[in-house]
Amino acid sequence: MSAEPAETLSDAVSRIPSGSSVATGLALEHAIPFAAGHELARQGTDDLTLIGPISDLLFDQLIGCGAVSRVRAAWVGNVSAGTGYRFREAVESDGIDVENHSNFSVALALRAGALGVPYLPTRSLLGSDVFAESDLFERGTDPFDGEEVALVPAIEPDWAIVHAQRASPEGDVHLWGNTGIVDPAVGAAENVLVTAEEVVEPAVIHSDPSRTAITREQVSAVVECPWGAHPSPVAGHYNRDNEYYLAYHGATDTQAAFDEWADEWVYGVEDREEYMERVDADLSITEPTVAAEVRYGQ
Amino acid sequence: MSAEPAETLSDAVSRIPSGSSVATGLALEHAIPFAAGHELARQGTDDLTLIGPISDLLFDQLIGCGAVSRVRAAWVGNVSAGTGYRFREAVESDGIDVENHSNFSVALALRAGALGVPYLPTRSLLGSDVFAESDLFERGTDPFDGEEVALVPAIEPDWAIVHAQRASPEGDVHLWGNTGIVDPAVGAAENVLVTAEEVVEPAVIHSDPSRTAITREQVSAVVECPWGAHPSPVAGHYNRDNEYYLAYHGATDTQAAFDEWADEWVYGVEDREEYMERVDADLSITEPTVAAEVRYGQ
Amino acid sequence: MASETYTPRELMVSAAAAEIEDGDTAFVGMRLPLIAFQLAVSTHAPDSMAVYESGVVRDGPADGFIHTMCDLPNLNHAVSTTGMLDIMSRLQRGDVDVGFLGGAEVDRYGNLNTTRVRAGDEEIRLPGSGGACDIACMAGRTVLLMPHEPRRFVEEVNYVTSPGHSADGSGRGNHPAPGGGPDALVTSKATFGFADGELFLRSVHPGVDREAMLADFPWAVRTAPEIGEGPVTTTPEPTDEELELIRTFDPDGFWT
Amino acid sequence: MASETYTPRELMVSAAAAEIEDGDTAFVGMRLPLIAFQLAVSTHAPDSMAVYESGVVRDGPADGFIHTMCDLPNLNHAVSTTGMLDIMSRLQRGDVDVGFLGGAEVDRYGNLNTTRVRAGDEEIRLPGSGGACDIACMAGRTVLLMPHEPRRFVEEVNYVTSPGHSADGSGRGNHPAPGGGPDALVTSKATFGFADGELFLRSVHPGVDREAMLADFPWAVRTAPEIGEGPVTTTPEPTDEELELIRTFDPDGFWT
């Protein structure tokens with residue numbers, strides 16, 4: 001019932017088969033598991049359904065790598081620059097199937113999965129084409145006061161991929177900074193892959209159980225992966241590499257240009273270490289803030 | 001939109017009028033706001049509707065003090081000893097109205113309130129008399145797969161009372177250890193009263209924003225109240241005073257006996273300081289566990 | 001090797017602990033199950049986890065006596081201390097293998113009452129469901145614990161706090177909950193199972209007179225193969241190791 | 001005292017900030033609103049708070065430039081860093097006073113499209129809703145921001161990503177959401193309000209030709225009293241203090 005610790009990222013990611021539905025980019029622009037995503041591409045895992053709220057670049061990259069057949073998301077692009085060209089071209093050429101969501105509808109669908117109920121009601125969506133043009137949602141009437149609500153059915157991804165600050169080898173995870181929809185996605189997913197800046201002794205996790213965001217029986221694989229979220233930021237570890245987002249935007253407006261980019265950054269590196277050798281930016285935390293002390297005990 | 005800091009507990013509690021619905025005891029046997037509850041009784045606030053999951057003693061005491069006309073809860077008693085005599089006698093003599101819940105149905109009703117939806121569906125309740133004998137719930141059919149579910153309507157208490165480890169004067173709150181249904185109750189309530197072991201500088205809260213469980217715009221009053229949860233335990237501060245629970249059980253099997261108890265512990269003390277002078281127990285933390293360091297920064 | 005002296009409640013703890021399998025996630029509430037999980041995880045089920053509706057998740061025993069799930073030794077060095085909805089989500093989505101329930105009354109199909117009982121013309125109010133109804137509806141299986149007293153075994157419970165199996169043998173057809181329903185009943189005199197949704201005698205505690213014990217039931221209790229007669233064993237006594245652990249977890253015998 | 005040189009986007013930030021009232025909880029997303037909230041809380045709205053769908057809650061400006069709501073300076077010394085459902089709960093239960101929205105297209109009633117637009121025979125795919133649909137449905141009021149370009153003002157948006165007011169003057173009768181709908185539109189040339197659910201001209205930015213600017217709309221834009229003619233002012237220029245702050249928050253003019 002615990003995670004199987006993985007020796008390498010490659011080992012961990014190899015457990016995700018082609019054809020899987022994968023929820024990721026769950027903390028929005030924070031702590032996006034780019035390392036795991038690039039490894040999926042390197043392994044040739046394809047026919048993926050990607051599930052997420054806003055996706056800041058990772059979905060665009062995986063689409064460009066030909067790994068994706070379907071996207072269930074609220075926003076796909078590049079937060080620093082707008083358009084994600086690979087997503088846009090794939091949609092416009094009918095290369096992928098897109099299910100349009102709002103951030104809240106993705107969040108509620110995963111929350112329904114995590115909560116183990118078939119659907120959740122919301123006051124959002126109604127009046128929009130996100131609702132009207134979708135086959136996913138239903139209209140419902142609150143039996144108590146007769147109010148109209150939209151009903152969002154559960155989504156239960158095969159996998160959720162989460163990047164975190166620290167995890168024990170068993171798969172108990174400390175996570176801080178904003179978490180977006182990590183919690184509902186982890187609850188809804190059949191399997192969870194955790195990449196962590198640090199794999200730590202279980203005692204570290206046990207010293208602060210209120211910090212634990214994910215527990216082991218939800219986790220299938222955990223692997224240490226420093227810088228695993230670059231170019232996105234990780235609270236306490238490194239800042240966002242905005243130049244990288246802009247460079248990507250400038251370099252991927254055609255598939256040929258993207259392929260060249262991917263040859264350098266995805267296929268042309270063996271692992272994360274080699275990748276980081278190519279990054280030329282100082283993203284280090286220069287003004288650390290230490291959290292005020294918290295004690296438990298008995 | 002921030003909390004109004006209160007000078008004294010008496011000042012803070014005086015903002016809760018008779019006839020209010022009050023959710024409290026939300027972290028189950030942990031951090032029960034006994035000090036605030038006793039102050040309600042001292043002020044003669046009555047006709048209260050108490051809302052909670054399991055209530056370990058506090059509801060029984062407020063019923064004994066004649067402050068309660070209605071209870072919406074899953075369990076009312078004394079976790080160390082079983083029966084709460086004041087609750088039992090009040091129900092058996094039709095002195096109060098009781099709405100029977102399960103823990104989950106209280107949690108979902110408050111979550112619906114916090115989420116701003118009229119109801120939430122659940123797979124629990126059906127098949128029980130908690131469902132069958134209640135006017136509260138409805139039966140529903142999932143429009144996606146035709147599954148039968150129970151629908152739990154929102155509960156929006158006038159007040160939630162929460163005891164926490166530390167809060168800023170504005171009402172931003174750090175809370176750790178188990179939290180039961182604090183989060184949904186605070187979201188659902190119109191007003192929140194926070195009693196805290198310590199009122200701290202805002203910078204303490206800001207040093208660890210992922211520890212923040214309640215933010216100021218949800219809080220109407222915050223007051224420092226050391227030992228405010230005795231005899232229940234507070235993580236990092238003091239242990240449970242089990243002897244107190246047993247003594248209460250032994251001393252309150254008739255209303256007359258309860259009145260004597262209340263004269264000593266509720267009406268016979270002016271404030272929490274005087275109350276704690278009467279407590280004769282070493283509840284101190286002798287084996288402190290310090291949470292592993294967490295950093296933010298930029 | 002079995003010990004010679006133990007209390008009936010120590011035997012109940014041992015029998016309840018035996019119902020937790022290694023790797024299980026167990027939903028633990030008040031009283032004896034607090035000790036039973038700690039015993040199981042310290043002996044035959046080291047990879048089991050406990051979840052408590054207060055929001056606590058633990059993978060080992062507390063380093064100190066606990067009166068309640070929220071006592072500080074149960075929070076200290078826990079795996080996670082979160083909220084009830086997190087725990088109930090695990091339960092509702094089917095991730096809880098076994099849940100423990102107490103009861104003032106139980107019927108032939110494992111329906112439990114902890115809300116109100118009749119005593120002659122009077123109704124006595126009990127504390128209520130707590131999380132029991134939810135556990136009964138949604139845990140993979142449930143284990144019921146109660147003192148062995150005739151008034152607790154009834155043809156029909158006065159209030160179904162925690163639904164059991166259907167009286168018509170349709171198993172859990174009486175409600176659409178995902179859980180498997182009652183799997184065992186441990187009393188202070190015997191351990192029972194459920195076959196086709198009906199309670200049957202599995203084992204008699206050492207030294208208990210079987211016929212006198214069964215006379216406490218208002219119906220003829222079967223012994224299984226579905227649902228006539230089957231083998232009945234003697235409940236194993238707690239081992240010395242178990243007793244030592246139980247007395248470490250509950251040094252003053254508060255619960256046991 | 002107004003400054004003499006500022007960019008159109010600096011003026012937009014100033015005008016957007018003016019839409020945040022002291023005490024407001026503002027739902028802030030991408031781009032210019034990131035700067036506008038910081039400006040408002042540093043000047044006329046010191047008791048305002050910002051919530052971001054990533055889970056961040058702030059009561060003051062970040063101490064460093066932010067490209068996105070999740071840049072570390074926006075998390076550092078935040079009031080709270082939690083998850084999206086916490087933020088969306090505040091929105092759905094009516095605790096968010098004002099939300100900011102961008103758009104590729106807007107119509108007369110404030111319906112916004114950020115999903116897909118037509119360009120001749122082709123459809124161009126845009127990033128999509130993000131949280132925009134939710135903010136549009138449920139914020140107390142919304143403020144729309146977009147560059148002033150004729151192709152953005154349309155009789156009917158190609159896709160209603162974010163619902164506005166009803167075309168029939170019934171306000172928000174087109175859906176049962178609790179929010180009040182569009183309250184202002186700030187472009188790079190003018191600021192507009194909504195009266196009886198219809199967009200009207202409120203103020204023209206300094207130096208902009210009103211008639212040429214209005215010619216960018218495919219309908220005759222009114223100037224209100226409900227909904228005919230009303231007074232139109234000149235949008236205040238950003239003050240020196242505002243410009244200094246904007247240039248502190250965005251030192252390289254990345255967004256402005």
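Since the model is a prediction, treat every value here as computed from it, not as a measurement. Lettering of chains follows the sequences in order, A, B, ..., and the numbering in each one begins at 1.
Summarising the geometry, atom OG belonging to S89(D) is positioned 6.0 Å from atom CZ belonging to F104(A); distances are rounded to the nearest 0.5 Å. If you take OG1 on T122(A) and CE on M88(D), they are separated by 9.5 Å, rounding to the nearest 0.5 Å. Rounded to the nearest 0.5 Å, atoms CG (L112(D)) and OG (S128(A)) are 12.0 Å apart.
Both the backbone and the side chain of A235(A) come within contact range of chain D, each with at least one heavy atom under 4.5 Å from a heavy atom of that chain. Of the two parts of V91(A), only the side chain, counted from C-beta on, holds a non-hydrogen atom closer than 4.5 Å to a non-hydrogen atom of chain D. Only the side chain of L246(A) comes within less than 4.5 Å of a heavy atom of chain D; its backbone N, CA, C and O stay farther away. Within the 4.5 angstrom heavy-atom criterion, no atom of T114(D) approaches chain A. Proximity to chain D is limited to the backbone of V234(A), based on heavy atoms less than 4.5 angstrom apart. Neither the backbone nor the side chain of D183(A) comes within less than 4.5 Å of any heavy atom of chain D.
In terms of heavy-atom pairs under 4.5 angstrom with chain A, the leader among G55(D), G128(D), P127(D) is P127(D). Chain D forms the most heavy-atom pairs under 4.5 Å with one residue out of G82(A), G177(A), A107(A), G77(A), and that residue is G177(A). Chosen from R240(A), R111(A), H101(A), the residue pairing most often with chain D at heavy-atom distances under 4.5 Å is R240(A). Contacts with chain A were tallied for V56(D), T161(D), I124(D); I124(D) has the most, counting heavy-atom pairs under 4.5 Å. Heavy-atom pairs under 4.5 Å with chain A were tallied for C133(D), G64(D), S54(D), G83(D); the largest tally goes to S54(D). Most heavy-atom pairs under 4.5 Å with chain A, from the set I87(D), N74(D), T68(D), V157(D): that is T68(D). In terms of non-hydrogen atom pairs under 4.5 Å with chain A, the most contact-rich of P73(D), G130(D), S162(D), G131(D) is G130(D).
Of the charged side-chain nitrogens involved, at least one lies within less than 4.0 Å of a carboxylate oxygen, so that E133(A) and R116(D) count as a salt-bridged pair.
The shortest distance between side-chain heavy atoms of Y159(D) and V130(A) falls below 4.5 Å.
Between the side chain of E92(A) and the backbone N or O of R125(D) there is at least one donor-acceptor pair closer than 3.5 Å. Remark: side-chain polar atoms of D129(A) are paired, donor with acceptor, to backbone N or O of V160(D) under 3.5 angstrom. In this structure, the side chain of E53(D) does not engage the main chain of G180(A) through any donor-acceptor pair within 3.5 Å.
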